[in-house]
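Keep in mind that the numbers below use all heavy atoms, side chains included, and drop hydrogens, waters and symmetry copies. We name chains A, B, ... by the order of the sequence lines, and we start the count at 1 in each one.
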Amino acid sequence: MKVVIVGGGHAARAHARAWTGFAQADVAGIVSRGEGGKTLAAELGCLWSSDLAKIIDRTDVVDICTPTPDHAQYAVAAARAGKHVICETPLAGSLADARTIIEECVGAGVRLLVGHVLRFRPEYARARQLVHEGEIGTPGVCRLVHVGAVPGGPASWRGDDARAGGCLLDWGILDFDWMRWTFGEVARIHAAARRGEAGGHRTDYAIATLRHESGCISHVEVSWAHPHARHAIDVSGRDGKIEFDSAWDGRPLSREGAGAGLAIESPTDKSSYRREIEHFSACIRDDAPPIVTPQDAYEALRIALAARESAASGAPIALKGDRRWGA
Amino acid sequence: MGGLRVGIVSFAHVHARGLTAKARDAGADIVGIFDDQETRGRQAAEMYGVPFFPTLEALLEQRPAAVINESENSKHAQFAVPCLNAGIHVLCEKPLETDVARMDAMITAAKKAKVNLMTAFPMPFVPAVRRALEIVRSGDIGNVIAVNGSNRGRSPGSWYVDPELSGGGAVIDRTVHVADLMRRVVQAEPRQVYCEAGTFFSDAPTYDAGMLTIGWSNGVLSALDCSWSLPDGYRIWGDVTLNIIGTSGVLFVDVFGQQKLWLHKGSTKHVRYVGFGDDYDSLMIGHFLRCCQDGTPVEITGEDGKVAAQIALAAIRSAKSHRVESVQ
């Protein structure tokens, strides 16, 4: 299977690393506007172009790793060329764009696989499994933590709200998807956020509380104001509790160097991105249903946009309306 | 400590036992116990070898200099106001009360009699908390953007899950300690509260879970988990945590960090926590008794207790209305 990656930044590199060494696929080319993509292509020893149209017939799959507002144009181009689409999160920056992408892929009969990678992160997948297996009884309260310094540095496109949409959309969408996957549809959401900036970086901070239709309450803290990355999962149910906090759990390897500080690594045989692309590849090859569907991606976006709206207005938002989407 | 005369009002609260013992250890002379539930009161009196009094008036005739009020939440004012009116200092369990007018009555009575009304918030006496406040005040983490926290536990059952006597289950029981700590960090007043609350961990008629969002007058944001969400057999009875996010740093405070030396017993296959830190209740009681002795004002006032309770009451209103509620 041939893949062209669109993008030259952080996400493109992470995906490229995942594709490399996966025997069943080859990165046939990189499409990007900037130097980052060119460098990546050189490292991979593959083609580079600034124009997808120029190399699209050399591929089966287009893997979109660009900033969010560019997802739609590449997804539509790929679908119209009969190529399967893998797309980073958020699927799009607006529900209208998300609908367009889904409709074009359905219409063209190509697969649309959206990279909600938390479903492939082992601690998140396992925690969800424990909940669904009834290990803690009916879930009642959940708190997630998703904090760290924003990737990309001061010049990052994430500093531009018109492009990244703020931390509730850009990072929070992964947590909202996991919460919906684990606890079911969301009835209402309340969020609050503070925009921040320091040293050219965005240092936004946000909290969101979801009430699921099941009655379960879930909450996430999303922050770019934390100097160090941390993620945590805490779920309490009628019959038990699940806890994970990267600050002290899941740290099989920690290194200290005089003057170099403390570095923690949690290597796995396959990275989460690798598990994700292997699953997506198998879905394409076998025409099998993915564990994250286009509808899931659309719903996660709906929740994230509602969170942002709630944070802007200060009021909670009820989530209702048409949910069933596409094929 | 010159044997300050202290009366105990009610053994309704689970802390009554500990606070009575610690007051005694701090040198207080326990003059007697009044309890409106006679059987419970007599049992307690026997345990401490002190007289039992079936009425508050009878206890006050013993002329205590101070009382510790351990009654059910919605009875706090009923017992505290007569004591304050009689010129007796009061250390009152939290939440201060379940109704703002009754809280105001207590505060007014204390002012008029020029005596101390202290809310039983021991957390500000924990050295790690004092240190955290010091770090924040020094500007080391910049300006505070947000403070989030948790004060989780398990349902104590009994009157704590009675809507009338408790005033709101977990949402009133588990909010006030951390709300007060947040207020000390933020140094501003709470304006709005949004709360999702529910009953998940038992079949009681009150909330046993709550997730609050608090907006403070200086723009700082808070989230607070006040749920009785720890399962049976959980390794510790509760938690109190604070996450303070500043413009140039982050501070995490595990208030019970020094309560957790883990003892694994092979014979019982049990794990239990063993505290090695300072006893914060003793520090709190010591402060109260010293202030009563010296006639100096306490650090943790009735007003502090009122604001924390107002946050809880706004949360309960929000949990019912599904709207953002103003703190009133």
Side-chain angles (χ1 to χ4, degrees), chain A residues 136-143 145 147-148 187-199 203-212 214-221 223-228 230 232 234-243 245 247-248 310-311 313-316 318, chain B residues 141-148 150 152 154 170 191-203 207-215 219-235 239 241 243-252 254 318-319 321-324:
Chain A
I136 61 166
T138 307
V141 182
C142 165
R143 291 187 310 157
V145 175
V147 305
R188 60 180 177 267
I189 185 165
H190 176 267
R194 294 292 178 267
R195 195 189 184 293
E197 196 159 321
T203 54
D204 297 7
Y205 183 87
I207 50 180
T209 303
L210 285 63
R211 196 64 185 261
H212 296 264
S214 66
C216 182
I217 299 168
S218 63
H219 174 90
V220 63
E221 176 189 23
S223 164
W224 287 338
H226 282 66
H228 299 292
R230 173 173 161 243
D234 191 299
V235 188
S236 277
R238 180 74 181 237
D239 192 33
K241 190 170 187 299
I242 297 164
E243 299 173 339
D245 193 319
W248 41 77
S310 174
S313 70
Chain B
I141 62 166
N143 295 323
V144 176
I145 302 168
V147 186
N148 67 56
S150 65
R152 299 175 298 178
R154 291 182 47 229
R191 291 283 183 250
Q192 298 93 22
V193 179
Y194 181 77
C195 178
E196 290 286 355
T199 309
F200 305 109
F201 308 107
S202 72
D203 298 319
Y207 295 129
D208 63 15
M211 193 70 71
L212 280 69
T213 297
I214 305 167
V220 175
L221 203 51
S222 287
L224 202 171
D225 181 356
C226 61
S227 308
W228 285 329
S229 54
L230 305 181
D232 247 347
Y234 192 72
R235 62 182 182 271
D239 77 345
T241 65
N243 253 299
I244 307 168
I245 295 98
T247 50
S248 54
V250 172
L251 204 51
F252 173 66
D254 177 3
S318 175
S321 69
H322 308 311
R323 284 195 302 268
V324 176

Enquirer: To the closest 0.5 Å, what do you measure between CG (B:D254) and CH2 (A:W248)?
Expert: 6.5 Å
Enquirer: Quick check for you: among B:G249, B:S248, B:G233, B:G219, which has the greatest number of heavy-atom pairs under 4.5 Å with chain A?
Expert: B:G219
Enquirer: Using the side-chain contact (heavy atoms from CB on, under 4.5 Å) criterion, which residues pair with A:R238? Sequence neighbours excluded.
Expert: B:D203
Enquirer: Rounded to the nearest 0.5 Å, what separation is found between the CG atom of B:N148 and the CD1 atom of A:I207?
Expert: 7.0 Å
Enquirer: Working to the nearest 0.5 angstrom, can you tell me the gap between B:S229 OG and A:D234 CG?
Expert: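 Going from OG on B:S229 over to CG on A:D234, the span is 7.0 Å.
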Enquirer: State, with a plain yes or no, whether a side-chain heavy atom of A:H190 is found less than 4.5 Å away from one of B:E196.
Expert: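 Not touching, per the 4.5 Å side-chain cut-off.
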Enquirer: I'd like to verify something: which residue of B:G198, B:S202, B:G246, B:A223 has the highest number of heavy-atom pairs under 4.5 Å with chain A?
Expert: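 Going by pairs under 4.5 Å, I would pick B:S202.
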Enquirer: Mind checking what makes salt bridge (charged side-chain N to carboxylate O under 4.0 Å, His left out) contact with B:R323, not counting sequence neighbours?
Expert: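 Partners of B:R323 under the salt bridge (charged side-chain N to carboxylate O under 4.0 Å, His left out) test: none.
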Enquirer: Does any non-hydrogen side-chain atom of B:I245 lie less than 4.5 Å from one of A:E221?
Expert: yes
Enquirer: Measure distances from A:A318 to the heavy atoms of chain B and classify the residue's part below 4.5 Å as side chain, backbone, both or neither.
Expert: neither
Enquirer: For the CZ atom of A:R230 and the CZ atom of B:F252, what is their distance to the nearest 0.5 Å?
Expert: 6.0 Å
Enquirer: I need the minimum non-hydrogen distance between B:F200 and A:G215, along with the two atoms involved.
Expert: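 For B:F200 versus A:G215, the nearest heavy atoms are CZ-O, 3.1 Å.
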Enquirer: Quick one: pull up CD1 in B:I145 and CZ in A:R194 and give me the separation to the nearest 0.5 Å.
Expert: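 Answer for the CD1-CZ pair, B:I145 versus A:R194, is 10.0 Å.
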Enquirer: Kindly give the heavy-atom pair with the smallest separation between B:T213 and A:A192, and that separation in Å.
Expert: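 Minimum heavy-atom separation between B:T213 and A:A192: CG2-CB, 4.2 Å.
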Enquirer: Is there a side-chain contact between A:P316 and B:V324 in this structure, where contact means two heavy atoms from C-beta onward sitting under 4.5 Å apart?
Expert: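 A side-chain contact under 4.5 Å exists here.
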Enquirer: Under 4.5 Å heavy-atom distance to chain A, tell me which part of B:D208 shows up: side chain, backbone, both or neither.
Expert: neither
Enquirer: Does any backbone or side-chain atom of A:T138 lie under 4.5 Å from a heavy atom of chain B? Answer side chain, backbone, both or neither.
Expert: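 Neither part.
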Enquirer: Using a cut-off of under 4.5 Å for heavy-atom pairs, which of A:G237, A:G137, A:P139 has the most such pairs with chain B?
Expert: A:G237
Enquirer: Please classify the contact between B:F201 and chain A as side chain, backbone, both or neither, with a heavy-atom cut-off of under 4.5 Å.
Expert: both
Enquirer: With a 4.5 angstrom heavy-atom cut-off, could you sort out which part of B:T199 is near chain A: side chain, backbone, both or neither?
Expert: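 For B:T199, there is no contact with chain A at all, as no heavy atom is under 4.5 Å.
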Enquirer: Please lay out, stage by stage, how A:H219 and B:D225 fare under the test side chain to side chain contact (heavy atoms under 4.5 Å, CB included).
Expert: CA-CA 9 Å; A:H219 174 90; B:D225 181 356; over 6 Å; no
Enquirer: Grab the two heavy atoms, one from A:G240 and one from B:P231, that are nearest each other, plus how far apart they are.
Expert: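 That would be CA-CB, 3.8 Å.
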